[in-house]
Number of protein chains: 2
Amino acid sequence: MKNQDDHLNHAIIEFYEKLSSWEMAVVKDNGFSLPQVHTVEILGLNGPMRMKELAEKIGVTTGTLTVQIDKMVKAELVQRRAHETDRRSILVELTESGQVMFEEHDKLHMQLTADLTIQFTEAERAQMLDFFKRINKEF
Amino acid sequence: MKNQDDHLNHAIIEFYEKLSSWEMAVVKDNGFSLPQVHTVEILGLNGPMRMKELAEKIGVTTGTLTVQIDKMVKAELVQRRAHETDRRSILVELTESGQVMFEEHDKLHMQLTADLTIQFTEAERAQMLDFFKRINKEF
DNA sequence: TGCATATAGTTCGCCATTCAAACTAATAAT
DNA sequence: ATTATTAGTTTGAATGGCGAACTATATGCA
C-alpha cells in the first residue's frame, strides 16, 4: 500500500525533526556545544571508539575531530588511549566526568521517552522496542 | 519496568543517531549544505512558515536564518512572501525547484523507510505508523 | 624479505556558519 | 498615546569544518 508507506515515512521524518529540535534546545542550556554533547552521547552509548569510527558516526572529517577532541580533553570530558593491537589507531573514551555528563543527559532522554509514551500500555512499549531493535539492526 | 524503558530509550537514541548519519551522507553527495536540505525538508513537510517558526525548528537564531534564506533565495530554492495579517512577519515557502528538490530527497527517505521495514508485515507497518503518530502528537 | 600502497591520525590555512547585539518596523498592552 | 514586545535584518567577532600536506604504522605482493 503505497500511501500508507508514505505516511509512515513522513511520520518518521517528523519524529526525527522533533527529536532534533529537542536535542538542540537541551544542549543550549548546558554550556557545552552540540558537537561535544553529541560526542559524549555516542561514546556513552557505544563505549570507547577509534577516531576514524567516531568521525564517521558524527559526520565530520578526522581533521575536524582531532581539534574537537583536543578541546574535549582540555575540558576533561574524554581521554585518548592507545589501541591494543593497531598502533596507528587511538581510542577515545569518556573520563569520569564525561560519564557523569552522559548519565545526566541520558536522564533527560529517559524522561522524554517516558513522556512521549505515557499513554502506551506495557505491551505496546514492548512492541515499540521490538520494532526499533529490528529497524536498527537493518540500518 | 525500569530496565525495559531504558532499552526503549537507547533504541530510540540509536535510531536517531543512525538516521542522522544517513542524512549527512546523503546530503554530502548532492551539492547543497545540510542546513539547506534541512530547511527544504521542513518546508516541504509543513508548508510555508514564518522565519521565527522556521528558526526554532532548525535550532538557529533568526539572524542566522536570514543569511541562510538569502542564500537559498539566490539558489532559487525558496522565496519570501508577505504574511497576510501580520506585517512584521514574512512567510518562507518552497519555489518550484525547491519543491522538486524536496520530492527527490523525500524519495530517498521513502526508499530508506522501505528498506528498514522490509521484514515487517503489513499489520506491523500499520502499527508502527500508529505508534509514531501518537508519539508525534505528544511531542 | 623489501618496496609500494593503504590507513589512522595530526596540523594548518582557508572558507562557511553561527551567534549576539544593535537596529528598523510593526504590533500589543495599559 | 506611550511603552513594551515581537519579527526580521545587518554586521563584527568567534567558531566550526574541510581538504591537503605530513608522520607513523600496517598491509599486500613480487
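Lettering of chains follows the sequences in order, A, B, ..., and the numbering in each one begins at 1.
- Taking 4.0 Å as the cut-off between side-chain N and carboxylate O, B:Lys107 and B:Glu103 do not count as a salt-bridged pair.
- Between the side chains of A:His38 and A:Glu23, no donor-acceptor pair is found at a separation under 3.5 Å.
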Checklist entry - Going 5' to 3' along nucleotides 6-24 of chain D, which nucleotides have protein heavy atoms under 4.0 Å from the base (write B), which only from the sugar-phosphate (write S), and which from neither (write -)? => result BSSBB-----SSBB-----

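- The interatomic distance linking B:Phe32 (CZ) with C:dA16 (C1') rounds to 16 Å, in whole Å.
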Checklist entry - Between A:Lys57 and A:Glu53, does a salt bridge (Lys or Arg N to Asp or Glu O under 4.0 Å) hold up when you go through it step by step? => result CA-CA 6 Å; A:Lys57 275 199 196 293; A:Glu53 206 178 344; 5.5 Å; no

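- Electrostatic pairing of A:Arg134 and A:Glu138 does not count as a salt bridge here, judged by no charged N lying under 4.0 Å from a carboxylate O.
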Checklist entry - What's the verdict on ring-ring contact (aromatic ring centres under 6.0 Å, His included) for B:Phe120 and A:Phe131, showing C-alpha distance, side-chain angles and the deciding distance? => result CA-CA 9 Å; B:Phe120 282 40; A:Phe131 285 162; 5.2 Å; yes

